[in-house]
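Below, all heavy atoms of this structure are taken into account, side chains as well, without hydrogens, waters or symmetry copies. Here is how names work: the chains are called A, B, and so on, in the same order as the sequence lines, proteins then strands, and each is numbered from 1.
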Protein chains: 2
Amino acid sequence: MERRAVKDFGSLPITESSMAMPETSARTRIQEKNISTILDAALEVFSGAGFRGATLDQIARAASLSKPNLLYYFKSKEAIHRALLSELLDTWLAPLRTLDSGGEPVEEIVRYVMRKLDMARELPRESRLFANEIVQGAPHILDIIEGPLKTLVDEKASLIRKWATEGRIAEVDPYHLIFSIWATTQHYADFDTQVRGILRPERDQHFDDAATFLTHLYRTALTPD
Amino acid sequence: MERRAVKDFGSLPITESSMAMPETSARTRIQEKNISTILDAALEVFSGAGFRGATLDQIARAASLSKPNLLYYFKSKEAIHRALLSELLDTWLAPLRTLDSGGEPVEEIVRYVMRKLDMARELPRESRLFANEIVQGAPHILDIIEGPLKTLVDEKASLIRKWATEGRIAEVDPYHLIFSIWATTQHYADFDTQVRGILRPERDQHFDDAATFLTHLYRTALTPD
DNA sequence: AGAGAGTTTGACCAATTGGTCAGGATCACG
DNA sequence: CGTGATCCTGACCAATTGGTCAAACTCTCT
């Protein structure tokens, strides 16, 4: 039930509101611990079964808490799910935010790819949580996709397009470049079962191979003629 | 409830066994029609909600049949799901099978990418069905992944590796090349909601843009120096 | 037309699921 | 130490879900 150790993708702001407790003043030590335990257990279960497929009993068992006790901290199954998603969205989009106009464009993008690949390795459950959500039509975060996410992507797409018109990278569609980066990197988390079934990798060697391949793929495709 | 019109990815062999009917002799006209209707409805529901998220009532409603009538044709929810998966697996892997040693290697691979992208456009429900299954650990098809699928991929990977050693394509890891092709193309089906939320495409214009981008991506990365 | 196979359904069931609630246990703090 | 706030639980509930079954309906073929 340990919170997975990770490199460091920034602190995760715990920002859920829909709790069922008195909700006065600040967090108790017990609240702090239990809420964090619940969210970790929920991540484990939701990411492996989707919203509908997950049950409160499973989450309760994974958290070693009773079901009514879960509902003491979160007023419904949906509330837990919502809290998880909003807690993780910032972490998830952080790498894209750091894509900066300073530095050499091709290397900047390759660095972004590596960062995303690292996240697929370190935070596969988070990746699968979003994958489940979006494959099923993103019923809980559609507004975020069409709002803040679209804004962020539009912004970075302009930057990439500027690089292209300046001749600093090849002429490519920035949106589809971003989509392909998301797809190729998150694939190693979301389709982990398939990748492992086919490669049968020792330790996690295949992530290094993936890094080599993706570096080649994007460097050659982005380097101006 | 109409079976989606598609280009032509080969006929779909209806090969489910676990039916609940008398099962003597050949199919009745009624059986033919109802089984096909049920599978189409099930595809719609399973692909949008996953196995656990789908309910027999939803499938029954989508098929305009009563729930007990579903269970007259298939003996359980699992049986429907199994029938769907095995019916679609061949279709799904057909493009990879056609990857042939004849012809110009780079163009052969680019053609494969286009074929997969076409499938993402024409058969998004099928793509999502598999995505749901694999994201959740492939509980129903793990043996197929580790068996026939692995064999097929191993085979095609050797072919690609041969091309590389012959200097006819760039030196790339063939397995990760295949994974990246799967990822980038299926992304447009599996993450359709996200893609549309960000691009807000008119008609399906974005598929053509994706084709252009992916052609560039793989052509530059695979063309030998 | 009539018989038998094939098809359909309403009523029903047990298990699971999300959620409630009254009361008891425990903690923080003066 | 006591008391009020916080924390926890067993028992319970209504709705949903996968699945059964006997009876009724309909099709096909002679």
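- Put simply, the side chain of A/Lys67 and the base of C/dG18 share a donor and an acceptor less than 3.5 Å apart.
- B/Ala60 comes within contact range of no nucleotide atom at all, as no heavy-atom separation falls under 4.0 Å.
- Comparing C/dT8, C/dG18, D/dT9 by their nearest atom to the side chain of B/Asn34 picks out C/dT8.
- Of the residues listed (B/Phe130, B/Phe74, B/Phe46), the one engaging B/His81 in a ring pair (Phe, Tyr, Trp, His ring centres under 6.0 Å) is B/Phe46, and it is the only one.
- Note: CZ (A/Arg27) to C1' (D/dC7) measures 15 Å, nearest angstrom.
- Atom CG in B/Asn69 sits roughly 11 Å away from atom P in C/dG10 (whole-Å rounding).
- In this entry the distance linking NZ of A/Lys75 with P of C/dC21 reads 15 Å, nearest Å.
- A straight line from CZ of A/Phe74 to C1' of C/dT20 spans 19 Å, rounded to a whole angstrom.
- Distance from the side chain of B/Pro68 is smallest for C/dA11 among the nucleotides C/dT8, C/dA11, D/dT17.
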Sequence neighbours left out, cut at 3.5 Å: what donor-acceptor pairs do the side chains of residues 153-161 of chain A make with other protein atoms?
unit_1   : atom_1 : unit_2   : atom_2 : d
A/Asp154 : OD1    : A/Tyr175 : OH     : 2.6
A/Asp154 : OD2    : A/Lys150 : NZ     : 3.1
A/Lys156 : NZ     : A/Arg97  : O      : 3.2
A/Lys156 : NZ     : A/Leu99  : O      : 2.8
A/Ser158 : OG     : A/Asp154 : O      : 2.9

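- For the pair A/Leu56 CG and C/dT16 C1', the interatomic distance rounds to 12 Å; values are reported in whole Å.
- Heavy-atom minimum distance, B/Val135 versus A/Arg128: O-CD, 3.4 Å.
- Between A/Phe191 and B/Gln186, the closest side-chain pair of non-hydrogen atoms falls below 4.5 Å.
- For B/Arg52, no side-chain nitrogen or oxygen approaches OP1 or OP2 of D/dT16 to under 4.0 Å.
- Atom P of nucleotide D/dG10 and atom CG of A/Leu70 are separated by 13 Å, given to the nearest angstrom.
- At a threshold of 4.5 Å between non-hydrogen side-chain atoms, the residues A/Thr91 and A/Glu126 do not count as touching.
- Residue B/Gln31 has a polar side-chain atom (N or O) positioned under 4.0 Å from OP1 or OP2 of C/dT7.
- In the model, A/Tyr218 has a side-chain atom that pairs as donor or acceptor with a side-chain atom of A/Ser180 under 3.5 Å.
- No donor-acceptor pair under 3.5 Å is formed between the side chain of B/Ser127 and the backbone N or O of B/Leu123.
- Whole-Å rounding puts the A/Tyr73 OH to D/dT9 C1' distance at 13 Å.
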Please enumerate all protein N or O atoms sitting under 3.5 Å from an N or O of nucleotides 24-30 of chain C, with distances to 0.1 Å.
unit_1 : atom_1 : unit_2  : atom_2 : d
C/dA28 : OP1    : A/Arg29 : NH1    : 3.3
C/dA28 : OP1    : A/Arg29 : NH2    : 2.9

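- Across C/dT8, D/dT20, D/dC7, the shortest atom-to-atom separation from the side chain of A/Tyr72 is found for D/dC7.
- D/dC7 atom P lies 11 Å from atom NZ of A/Lys33, rounded to whole Å.
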